[in-house]
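Following: one structure in structure tokens, then a few remarks.
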Number of protein chains: 2
Amino acid sequence: MLAGEGCPFNILAMKDALEALEGRWKLLIMLSLSMGNKRFKQISKEVYGITDKMLSKELKALEMNKLIKREVFDTFPPTVEYSITPHGKSLDKLLHELYNWGQEHRNIIMEKDKIAS
Amino acid sequence: MLAGEGCPFNILAMKDALEALEGRWKLLIMLSLSMGNKRFKQISKEVYGITDKMLSKELKALEMNKLIKREVFDTFPPTVEYSITPHGKSLDKLLHELYNWGQEHRNIIMEKDKIAS
DNA sequence: TGCGTTACTATCTTTCCGGATAGTGCTATC
DNA sequence: GATAGCACTATCCGGAAAGATAGTAACGCA
């Protein structure tokens with residue numbers, strides 16, 4: 001794409017993908033859920049530093065994007081369980097690429113910094 | 001990663017990758033430059049809606065991340081040319097994955113919406 | 001002289017986002 | 001009765017980000 005290959009280019013799809021994961025909390029929440037279905041409070045505890053308000057907001061966004069499922073149980077007090085959807089799991093390949101590029105990126109940035117110092 | 005594969009997990013690298021591209025303008029700027037080296041004003045014209053201030057800020061961030069190169073020419077008025085670095089071009093694979101997932105994501109979101117309506 | 005050029009930058013204002021905190025309602029338990 | 005639990009939500013506030021606009025310096029040109 002950037003290398004001039006003349007690929008059919010749809011930037012909106014890329015933006016959607018980035019937006020699905022951007023911000024401080026989404027990846028951390030997904031990571032927490034990747035280790036098993038969880039209730040609100042469990043996630044809150046595992047994702048250090050997040051407020052209930054932010055957690056609620058981020059969970060909503062993830063649910064809207066069908067990356068996670070929210071299941072309400074008829075208990076008292078009412079409990080809600082969150083889990084990753086198959087669509088959420090389809091992020092794996094992308095996350096691998098993010099990881100790979102991010103590692104390389106860190107190397108590039110660190111290497112140059114090392115040489116400079 | 002999310003599918004429970006027990007991959008060695010470095011969320012920071014992924015965050016770096018996301019942050020390198022996030023926001024309203026970075027992808028658009030990279031797209032503009034992918035079609036050829038450009039001067040400030042050219043990018044400004046091609047990336048519809050961006051203010052000089054935001055363009056300057058975003059170009060700085062992209063340069064800090066070594067995704068683009070800024071070259072100053074000894075002309076009058078002084079001219080500056082921006083181009084994508086090899087490291088910037090290394091984003092290609094990741095962008096492909098973003099595109100692929102984003103397309104699938106759109107399908108999933110649109111399909112469900114269609115069924116609902 | 002006046003205006004344009006170039007790639008920014010400064011400043012004031014507006015908008016947006018998140019922190020901090022309090023609150024919700026009904027059951028369960030002490 | 002008092003308190004806790006649950007998953008949120010409301011509200012006030014301050015900080016961050018971006019919009020809107022003006023400005024910069026020195027050359028080139030009419």
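Treat the numbers as computed from the prediction; the structure is a model and nothing was measured. We name chains A, B, ... by the order of the sequence lines, and we start the count at 1 in each one.
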Problem set entry | Gap between atoms CG and C1', on B/Leu59 and C/dT9 respectively (whole Å) | 14 Å
Exercise. Checking only heavy atoms, does the side chain of A/Lys53 share a donor-acceptor pair with the base of C/dG19 at less than 3.5 Å?
Worked result: yes
Exercise. Are B/Lys60 and C/dT9 close enough that a side-chain N or O sits under 4.0 Å from OP1 or OP2?
Worked result: yes
For this session: Starting from P on C/dC8, measure out to NZ on B/Lys45 and report it in whole angstrom.
Result: 16 Å
Exercise. Which of residues 70-82 of chain A have a heavy atom under 4.0 Å from DNA chain C?
Worked result: A/Phe76
Exercise. Does the ring center of A/His87 lie less than 6.0 Å from the ring center of B/Trp101?
Worked result: yes
For this session: Might you work through the side chain to side chain contact (heavy atoms under 4.5 Å, CB included) test for B/Leu21 and B/Leu98, ending with a clear yes or no?
Result: CA-CA 11 Å; B/Leu21 293 173; B/Leu98 282 167; 4.1 Å; yes
Problem set entry | Distance, rounded to the nearest Å, where B/Asp52 contributes CG and C/dT11 contributes P | 18 Å
Exercise. Is the shortest side-chain N/O distance from A/Ser56 to OP1 or OP2 of D/dT9 below 4.0 Å?
Worked result: yes
Exercise. Which nucleotide sits closest to the side chain of B/Lys41: D/dC8, C/dC8, C/dA7?
Worked result: C/dA7
For this session: Please answer whether the main-chain N or O of A/Leu67 pairs with a side-chain N or O of A/Thr85 as donor and acceptor at a distance below 3.5 Å.
Result: yes
For this session: May I ask whether B/Leu91 and B/Met35 are part of the same hydrophobic cluster, defined by side-chain heavy atoms of I, L, V, M, F, W, Y residues being less than 4.5 angstrom apart, directly or through others?
Result: yes
Exercise. A/Lys26 NZ to C/dG18 C1': how many Å, rounded?
Worked result: 13 Å
Problem set entry | Salt bridge present between B/Glu46 and B/Lys38 (N-O < 4.0 angstrom) | yes
For this session: Find the distance A/Lys57:NZ to C/dC16:P and express it as a whole number of Å.
Result: 13 Å
Exercise. Is any side-chain N of the basic residue among A/Glu58 and A/Arg24 closer than 4.0 Å to the acidic one's carboxylate O?
Worked result: no
Problem set entry | Worked verdict on A/Glu97 versus B/Lys93 for side chain to side chain contact (heavy atoms under 4.5 Å, CB included) | CA-CA 7 Å; A/Glu97 287 304 322; B/Lys93 201 169 171 191; 3.5 Å; yes
Exercise. Is the phosphate of C/dC16, meaning OP1 or OP2, less than 4.0 Å from a side-chain N or O of B/Arg24?
Worked result: no
Exercise. How close or far is atom C1' of C/dT6 from atom CD1 of B/Ile43, stated in whole angstroms?
Worked result: 13 Å
Exercise. What's the CD1-P distance between A/Ile29 and D/dC8, to the nearest Å?
Worked result: 12 Å
For this session: Grab the CD-C1' distance between B/Glu58 and D/dA17 for me, whole Å please.
Result: 11 Å
Exercise. Can you check whether A/Arg39 has a side-chain N or O nearer than 4.0 Å to OP1 or OP2 of D/dC8?
Worked result: no
